[in-house]
Amino acid sequence: MTAPLPASLRLCVRRRRVPGPTGAMVQVSLRVPSDVACIEEVVDLLMRHCCDGGWLCRRSRFNLRVATAEALANAIVAGNQEDRSKWVQVQAEVCGDEIRIEVTDQGPGFDPAAVPTPILPDDLDRPNGRGLFLIKNLVDDVRFNAQGNSICMTLRRR
Amino acid sequence: MTAPLPASLRLCVRRRRVPGPTGAMVQVSLRVPSDVACIEEVVDLLMRHCCDGGWLCRRSRFNLRVATAEALANAIVAGNQEDRSKWVQVQAEVCGDEIRIEVTDQGPGFDPAAVPTPILPDDLDRPNGRGLFLIKNLVDDVRFNAQGNSICMTLRRR
Amino acid sequence: MPFTATKDQAGVYVIRVEGQLIVGNRQELKTAVQQALDHDERRFVIDFSRTGYIDSSGLGALVSISKKVREQGGELRLSGLNEDLRSLFELTKLDTLFAISDTAERAVGSFAG
Amino acid sequence: MPFTATKDQAGVYVIRVEGQLIVGNRQELKTAVQQALDHDERRFVIDFSRTGYIDSSGLGALVSISKKVREQGGELRLSGLNEDLRSLFELTKLDTLFAISDTAERAVGSFAG
Ligand SMILES: Nc1ncnc2c1ncn2[C@@H]1O[C@H](COP(=O)(O)OP(=O)(O)O)[C@@H](O)[C@H]1O
Ligand SMILES: Nc1ncnc2c1ncn2[C@@H]1O[C@H](COP(=O)(O)OP(=O)(O)O)[C@@H](O)[C@H]1O
């Protein structure tokens, strides 16, 4: 779904033929408004600029799409509370066989260790609580900053 | 045609919901290596970020694609002589009902007034010399800087 | 439109999700099912053969929809999940909660006459 | 591959341009025709029904190809130009230089048996 009015957005892409100072071949940064209608486009932009060609297998691309959509949704809804005066910052890097996507919001953060696992039989019919669980199972590594308003996801090419 | 190795590239897109200080809703800048294999991708990126949705009619989008491909080819081949140490800078802006695309190379420039019209019957079987003529006929306004290494094309929505 | 709904001859209401089912549009799907329930539809298939990806909100919306349909004495089946989409249901164990058919046709056919 | 070539039963060599015909790939088209000429092909159709856009280098390449084919006693027709592509030939008056058919089938059919 595309937003009826194109949302405001800042996108910077830096692509190199040889690794840059941080080892990155591709660096993408995006400043996204706190509007869930942007998520699909942002996921598409990231995939297009980071995973062009056959670099990642189909399943990895799928997993990255879902994990990125989740992280954006959490940043926009749980983090920034859909406050349009706040932004979500996305940084993505392709380094060697890894792709790293970092999503940072302007909210208070949270304690990811306190989030329960959502797959107990009694919880199966709860409508939420599956986002972080999905992310952790779809990418190879997930880290948060101390405050909890920034998540960094790493996926390795296989 | 996509380049076998993705070319180095810098892309910045700034999109607003309301016009910015220069009146622009969308500003795109691109730094492109002097490699003709990049042209198609650059044209696609510009079209995607400037002419998303139904903003321009089909014919206008086509004309803009061709004019932009031409200007890039001239900048890369005639301007920078395909010297990989030189870059082509592209700036695009959508302001109200106009889209402006400026292509600047690092070459010596030239005198556009000295370029002959290529449609005389005797010249029809010449293999080149149609680029500027096409550009002038495909967009609404064409300007050069004094040096002749920068072309600015304007197309109005109709 | 991200969702297209058709009612088949056997009276089964088939909703196809085109594109993504995510936080930005799941409400539309919930509304579509609710409206159909209000119009006395009771047999639903949600088909994902033209779906790209689903996020946790989309999965959550399916859980809510399933509950609503059951509460009103209806039945819901899912269909058209490719390998990638199916993995999301398996990871979250939601494959145990939903009746899942390979294709929309089979899902329709599996409703008791 | 941006160009696909097939030889039809009547012995006409049909080359389809997929995507763009521009400065970055026109040499491939020239080479493809030259190789066919070297293999004694003499009847050519270049079809643009799956072409996005053509730049002035692409138009120039067609001019060169046309000349080469004529010099070797062959014939060339173009086909499948949509309204947008056709406008480029009209602007540059190249529509007067080329034999143009609506479709590749008609172009093939128009060669003298
Ligand atoms: N960026 C964030 N900022 C603040 N809280 C967050 C953030 N991301 C996740 N959370 C918290 O973690 C909880 C679990 O998140 P998640 O597993 O994605 O499920 P859901 O979002 O469906 O509740 C959320 O309800 C929220 O309280
Ligand atoms: N950016 C540029 N820098 C220097 N010379 C240029 C540039 N653009 C065009 N020219 C000159 O103008 C001439 C005509 O250009 P054009 O009409 O595009 O036809 P062609 O490129 O096929 O010769 C070129 O041959 C070149 O000498």
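Reminder, nothing fancy here: chain letters follow the sequence lines and each chain counts from 1.
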Which residues in residues 56-69 of chain B have any heavy atom closer than 4.5 Å to a heavy atom of chain D?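 Within residues 56-69 of chain B, the residues under 4.5 Å from chain D are B:Arg58, B:Arg59, B:Phe62, B:Arg65, B:Val66, B:Ala69.
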Rounded to the nearest 0.5 Å, how far apart are [atom1] of [X] and [atom2] of [Y]?
X	Y	atom1	atom2	answer
D:Ser56	B:Ile135	OG	CD1	8.0 Å
B:Arg126	D:Lys67	CZ	NZ	9.5 Å
B:Asp125	D:Ser66	CG	OG	8.5 Å

Residue [X] excluded, over 12 heavy atoms near [atom1] under 6.0 Å:
X	atom1	result
B:Lys86	NZ	yes
B:Arg31	CZ	yes
D:Lys93	NZ	no

Atom group of B:Leu134 that falls short of 4.5 Å from chain D, counting heavy atoms: side chain
Can you tell me which of [options] forms the most heavy-atom pairs within a distance under 4.5 Å of chain B?
options	answer
D:Asp55, D:Leu91, D:Asp84	D:Asp84
D:Leu85, D:Leu97, D:Thr92, D:Thr96	D:Thr92
D:Leu59, D:Ile22, D:Leu88	D:Leu88
D:Val63, D:Leu62, D:Ile54	D:Val63
D:Ser57, D:Ala61, D:Gly60	D:Gly60

With no hydrogens and no angle check, is any side-chain donor or acceptor of B:Glu40 less than 3.5 Å from a backbone partner on D:Gln20?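 No; zero donor-acceptor contacts below 3.5 Å.
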Quick check for you: among B:Ile39, B:Val43, B:Ile76, B:Asn128, which has the greatest number of heavy-atom pairs under 4.5 Å with chain D?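 Maximum pair count with chain D is reached by B:Val43.
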